[in-house]
Every structure is written in C-alpha cells, then in structure tokens.
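Numbers here are sequence positions counted from 1. Heavy-atom basis, side chains included; hydrogens, waters and symmetry copies ignored.
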Amino acid sequence: MSFDYYHRFELACTRFLVRKRVGKCFKVICRFRTYEQASEYLSLMTELYPGVYFDIKDVFGSYLDKESSI
C-alpha cells in the first residue's frame with residue numbers, strides 16, 4: 001500500500017479542524033494534528049480573506065465518541 005493511502009486515514013483522525021463559515025453552516029477546509037499548526041493556518045487565512053469568518057474546532061470530545069444514553 002502506498003504512503004498516500006495511509007496518509008488519508010491519518011488526516012481523517014486528526015483532532016483540530018479549521019472551518020470556514022458558509023451561510024449558517026461551517027465547511028472544514030483543513031485538518032491538523034496540533035493546535036499550533038491550526039492556529040498558524042488560521043492566522044494566514046484571516047490575513048488573506050479579512051471579511052470571511054474562520055475558526056478552529058477541537059473534535060477530541062466529539063459526540064460520536066460518547067456512549068449512548070439508551
């Protein structure tokens with residue numbers, strides 16, 4: 001298997017997402033393993049696009065990981 005194949009799974013399991021607001025929803029534009037990397041990318045994007053809202057989402061305590069209450 002190629003490196004690219006495993007790299008896709010690694011990106012799918014990353015913790016920090018940089019999101020762009022699109023209307024009332026958010027669209028994930030990039031994924032990072034560390035908060036520092038995400039923060040650097042966020043500052044770059046806000047400089048390039050000053051009128052667009054971007055944020056960082058930490059998905060460590062995602063609702064998908066919690067046990068069901070049923």
Would a hydrophobic clustering, with Ile, Leu, Val, Met, Phe, Trp and Tyr connected at side-chain separations under 4.5 Å, put [X] with [Y]?
X: Val52; Y: Phe26; value: no
X: Tyr53; Y: Ile29; value: no
X: Val22; Y: Leu48; value: no

Distance check, rounded to the nearest 0.5 Å: Ile56 atom CD1 versus Arg15 atom CZ?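 Here the interatomic distance stands at 12.0 Å.
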Practice prompt. Please confirm whether Tyr35 and Phe16 have ring centers closer than 6.0 angstrom.
Written response: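 Yes: the rings meet the under 6.0 Å criterion.
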- Query: Quick one: which of Lys27, Arg21, Arg19 gives a salt bridge (Lys or Arg N to Asp or Glu O under 4.0 Å) with Asp55?
  - Reply: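 Testing each of Lys27, Arg21, Arg19 against Asp55, the sole residue satisfying salt bridge (Lys or Arg N to Asp or Glu O under 4.0 Å) is Arg19.
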Worksheet item: If every non-hydrogen atom of Phe54 is compared with every non-hydrogen atom of Met45, which pair is closest and at what distance?
Response: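 Minimum heavy-atom separation between Phe54 and Met45: CE1-O, 3.8 Å.
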field: Minimum-distance pair of heavy atoms, taken over all atoms of Ala38 and Phe32
entry: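 So the minimum-distance heavy-atom pair works out to CA-CD1, 3.6 Å.
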